[in-house]
Amino acid sequence: MGCLTWTHQLLCLQLLLLYYQGCAIPCTDEESYALLQFKQLFSYEKKQSFYCDRQLLPSYPKMRSWKVDSDCCSWDGVTCNTVTGHLIGLDLDCSWLYGSIPSNTSLLLLPHLQRLNLAFNDFNLSPISSEFAQFHSLTLLNLSSSNFAGQLSSEISHMSNLVSLDLSYNHEVILETRIFEGLVQNLTLLEQLVLDSVDMSAVTIGSLTNVSPSLISLSLSSCGLQGTFPENFFWLPNLQILELAYNQNLTGFFPKENWSSPLRFLDVSYTNFSGLLPQQFGNAEAFGSP
Ligand SMILES: *[C@@H]1O[C@H](CO)[C@@H](O)[C@H](O)[C@H]1NC(C)=O
Ligand SMILES: *[C@@H]1O[C@H](CO)[C@@H](O)[C@H](O)[C@H]1NC(C)=O
Ligand SMILES: *[C@@H]1O[C@H](CO)[C@@H](O)[C@H](O)[C@H]1NC(C)=O
Ligand SMILES: *[C@@H]1O[C@H](CO)[C@@H](O)[C@H](O)[C@H]1NC(C)=O
Ligand SMILES: *[C@@H]1O[C@H](CO)[C@@H](O)[C@H](O)[C@H]1NC(C)=O
Ligand SMILES: *[C@@H]1O[C@H](CO)[C@@H](O)[C@H](O)[C@H]1NC(C)=O
């Protein structure tokens, strides 16, 4: 390039730009419309995302830069598949959002969504819509710390491609036995389930069998769990992280044999667990009852 004149270099640059513009498939009018409708539901207030500062996560109103007359694939927080052009990712965590999400939310016009992260906002006690079950392609759903509320509906376990589900720190969300069963039994690809501080006081956890062997990480601290924790969780072939702290009424016994899980993190502090950890878990970080 050293011997090229300025005009040549400019020409090159223009060709390169044309090439990129020709390659990227813009999002459809429907996708644009869906996002702009969704945007209208909210006002921005920094305090709604105060957790993000504490966790050193970037926190700013991503939607503010969304412009009507531009390709929505280029918008902040939006990811499109470069081959099909479909909108596949929406990451609006820490976006200062305050407002309610109706059950017929325009997000449902984005059927190709694979990841949806709305964590650390304030959705003003909105229910987690049963219509979310229409997101058949969704592999990641993260609604952590975003002030959702209400009984979780059974349709959530119809999102059969879910790999990671985080509903933690929505203190007003209530989970019943049947729904929890649906999550850990019917979602056979689920690897990460995070439900800390969700109200599970009505869940009879002791009767749980046939837990999906796909589970790698299960986090249920401060869920108000009671009864006896089923031993079969310790037999899960892929479980690496088991977080059960702050369930004072949860009784548990470490199995004497058949620990098959490659557990490396176990927290049972402030629970009613007893028994000995087997020798083979010398490497696991265990936090026992105080
Ligand atoms: C949702 O329903 C309300 C009331 O029925 C309606 O006004 C609104 O346009 C609907 N929104 C969408 C995105 O369909
Ligand atoms: C959910 O999103 C928050 C904010 O980005 C992040 O801190 C958390 O780790 C995510 N949860 C999972 C299970 O990835
Ligand atoms: C889980 O799957 C079983 C068998 O297909 C079905 O009977 C049950 O209703 C499902 N549970 C939920 C919560 O969808
Ligand atoms: C434990 O059980 C007792 C008696 O049923 C109840 O009063 C208390 O609130 C429970 N504690 C927790 C943390 O669920
Ligand atoms: C704690 O576990 C013991 C059995 O090890 C049981 O007798 C007791 O009732 C349990 N306490 C609570 C609060 O669940
Ligand atoms: C441990 O596994 C063996 C062989 O699979 C089985 O016979 C035995 O009943 C199991 N023990 C317990 C406590 O489940």
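Indexing begins at 1, ligand by ligand and atom by atom, following the structure's order. No hydrogens, no waters, no symmetry mates; every other heavy atom, side chains included, goes into these values.
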| query | Of all the atoms in ligand 3, which lie at a distance below 4.0 Å from a heavy atom belonging to S157? | reply | 12 (C), 13 (C), 14 (O)

| message | Distance under 4.0 Å to a non-hydrogen atom of G182: what atoms of ligand 3 satisfy this? | response | 13 (C)

| said: Please confirm whether H158 approaches ligand 3 to less than 4.0 Å, judged on its heavy atoms. | reply: yes

| task | Compute the ring centroids of F254 and F273, then answer whether they are less than 6.0 Å apart. | result | yes

| query | So, for F42 and F123, is the gap between ring centers shorter than 6.0 Å? | reply | yes

| request: Output, in order, the C-alpha distance, side-chain angles, deciding distance and verdict of side chain to side chain contact (heavy atoms under 4.5 Å, CB included) for T105 and F132. | output: CA-CA 9 Å; T105 167; F132 276 18; 4.1 Å; yes

| What part of R178, side chain, backbone, both or neither, has a heavy atom within less than 4.0 angstrom of ligand 3? | backbone

| task | Run the numbers on D91 and K62 for salt bridge (charged side-chain N to carboxylate O under 4.0 Å, His left out), then give the verdict. | result | CA-CA 9 Å; D91 289 277; K62 292 183 188 172; over 6 Å; no

| request: Identify, with sequence neighbours excluded, every residue that meets salt bridge (Lys or Arg N to Asp or Glu O under 4.0 Å) alongside D53. | output: K46

| message | If only side-chain N and O atoms count, and only distance matters, is there a donor-acceptor pair under 3.5 Å linking T251 with N272? | response | yes

For ligand 5, output the ligand-protein N/O contacts shorter than 3.5 angstrom; if there are none, return none.
residue, atom, partner, partner atom, Å
ligand 5, 2 (O), N272, OD1, 3.4
ligand 5, 2 (O), N272, ND2, 2.3
ligand 5, 11 (N), N272, ND2, 2.8
ligand 5, 14 (O), T251, OG1, 3.4
ligand 5, 14 (O), N272, ND2, 3.4

| query | D196 pairs by side-chain hydrogen bond (donor to acceptor under 3.5 Å, both in side chains) with which of S145, S222, S144, S219? | reply | S219

| Test: C27-C73 SG spacing under 2.5 Å | no

